[in-house]
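First comes the structure, then the notes that go with it.
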2 protein chains.
Amino acid sequence: MTAPGRLSWTDVRDRIRARILNRTYAPGDRLPRDEDLALELGCARATVHRAMQELSQSGLIERKRKGGTHVRAHPVTRATFDIPITRREVEQRGSRYAYQLVSRQLEVPPSPVMARFGIHQSGPMLHVKAVHLADNRPYIYEDRWIDTGSAPEILNIDLTTQSANEWLVLNKPYSRVDVRFHAIKAAGEIARQLAVATGEALLIIERTTWIGDQPITTVQSATAPGYQLISQG
Amino acid sequence: MTAPGRLSWTDVRDRIRARILNRTYAPGDRLPRDEDLALELGCARATVHRAMQELSQSGLIERKRKGGTHVRAHPVTRATFDIPITRREVEQRGSRYAYQLVSRQLEVPPSPVMARFGIHQSGPMLHVKAVHLADNRPYIYEDRWIDTGSAPEILNIDLTTQSANEWLVLNKPYSRVDVRFHAIKAAGEIARQLAVATGEALLIIERTTWIGDQPITTVQSATAPGYQLISQG
DNA sequence: GAAATTAATATGTAGATACTTATTTTTGTC
DNA sequence: GACAAAAATAAGTATCTACATATTAATTTC
């Protein structure tokens, strides 16, 4: 990676992490200044800074100007998840993807939907329900609301051939997203569309996006039984 | 933030992100070289580099030596979750935390548990079941296996007063973690310990940690009905 | 023409220097 | 002692320079 004997920032990161792991620096402790660590390890302050940045991002330490660097007193497990376009997810599993529009209509969203956007009133939004299939079996059922103010073009898209999921992800990038997971019992339309028994436990992925302060879309994706979300390395 | 008229790396990041959002650089497109962008924007290459690093980490672009920088062709929604120590999670919700050990014994783990560690055989591990309570109501039921090879001290810890969750997080930092979410129907011991009806839908958080290649612990946490996991930032 | 070598190229890394900014600590004043 | 102003401090940022490294493209060799 680097000239032998010279420390790269990953080396520095690993060394400092090791010290945190072996409690040379225990939770809550203050670490030496970047400059002193640089001196001790024999590298530039910039190299220590780069390493610290990484450790900070991974949730292991906290840094403050003048306050210095501290090992997080209350460690957390930080996990990152990538949620791809459903079509791609299915295809990458090696399955055949298909998609079916269930319904599409302009409606004033009910208050739980407005709450997800953080608004209290709203004009009509486009309400779209659809099923994604993997090898002809239901994979995800999505119930989506789209703000036609921020995405008016969606009204002219033929949603029987292209999923709103795909169109939005490719054409309406967001500046903020809220993701949450929970579990529900299959019932009513969800059970029917996923072709599962009422009472089946389903993982729900709820995503809401904004561009600036403007709502774009909120979607509740009910996954087929057995669906797992797996963190990225 | 910076001398007026001078671009900080966050400015550069925001400008490039804006260009990606407004499709100046569309999915799959190659971006100009860092050096050219630096020239165009009037800043140093290092500043562009710092901005690019951030955009790369957030999943918006992909960079390769010589290959250059490309807008991700298949955008993903990237979400980060912090999973704190359960005690702290409960306390931060303003509830009173309590903890109860259900069972503790040395056993050879069944193959699904070994599979989570990626191993095919194993000696006995410490198998711990426990309930975390919030305001005296079951909050999370955890079923945990601990490798006594990498964490022998756990055998001397009194797990009736301190949860394995807390002890491990504070004393056995890991170098790798795998996190996954899915949903199950409450049944048997899980339903009993969470005091919910059989068939209730529960969100399951499964975490496995290693130090180097050495397994530390794997835990399946069954959350009480209504539990939600919410993404950070 | 295929395979292997060489050159070109864009990002990655390390270091030095100078300055900025948030925050704490100290000092001075009432 | 309380409060405000000033000094000190540690991380953050920006720039320049030099070199490393991975990949692709071009060229040579057989």
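Proteins get letters first, then strands, A, B, ... in listed order; numbering begins at 1 in each.
- Among residues two or more places apart in sequence or in another chain, the ring-ring contact (aromatic ring centres under 6.0 Å, His included) test is passed with B:Y97 by B:H132.
- Applying the ring-ring contact (aromatic ring centres under 6.0 Å, His included) rule to B:Y227 yields the partners B:Y139; only residues at least two apart in sequence or on another chain are considered.
- One atom, CZ of B:R65, and another, P of D:dT24, lie 13 Å apart when rounded to the nearest Å.
- B:G67 comes within contact range of no nucleotide atom at all, as no heavy-atom separation falls under 4.0 Å.
- For DNA chain C, the residues of residues 41-64 of chain B within the heavy-atom distance limit of 4.0 Å (strictly under) are B:R45, B:H49, B:R63, B:K64, sorted by number.
- Rounded to whole Å, the distance from NZ on A:K66 to C1' on D:dT9 is 4 Å.
- Side-chain atoms of A:T69 lie closest to D:dA11 of the nucleotides D:dA10, D:dA11, C:dA10.
- When the ring-ring contact (aromatic ring centres under 6.0 Å, His included) test is applied to A:F117, no partner is found at least two apart in sequence or on another chain.
- Between B:L39 atom CG and C:dA10 atom C1' there is a gap of 15 Å when expressed in whole angstrom units.
- The distance from atom CZ of B:R13 to atom P of D:dT13 is 10 Å, rounded to the nearest whole Å.
- The side chain to side chain donor-acceptor pair (under 3.5 Å) search around B:T217 returns B:R144, not counting sequence neighbours.
- If you take CG of A:D34 and P of D:dT9, they are 16 Å apart, rounded to a whole angstrom.
- In terms of phosphate contacts, B:R33 brings a side-chain nitrogen or oxygen within less than 4.0 Å of OP1 or OP2 of C:dA10.
- Whole-Å rounding puts the B:E35 CD to D:dT17 P distance at 11 Å.
- For B:Q100, there are no side chain to side chain donor-acceptor pair (under 3.5 Å) partners, not counting sequence neighbours.
- A:L7 has its CG atom 17 Å from the P atom of D:dA20, to the nearest Å.
- Side-chain N/O atoms of A:R116 and A:T208 include no donor and acceptor closer than 3.5 Å.
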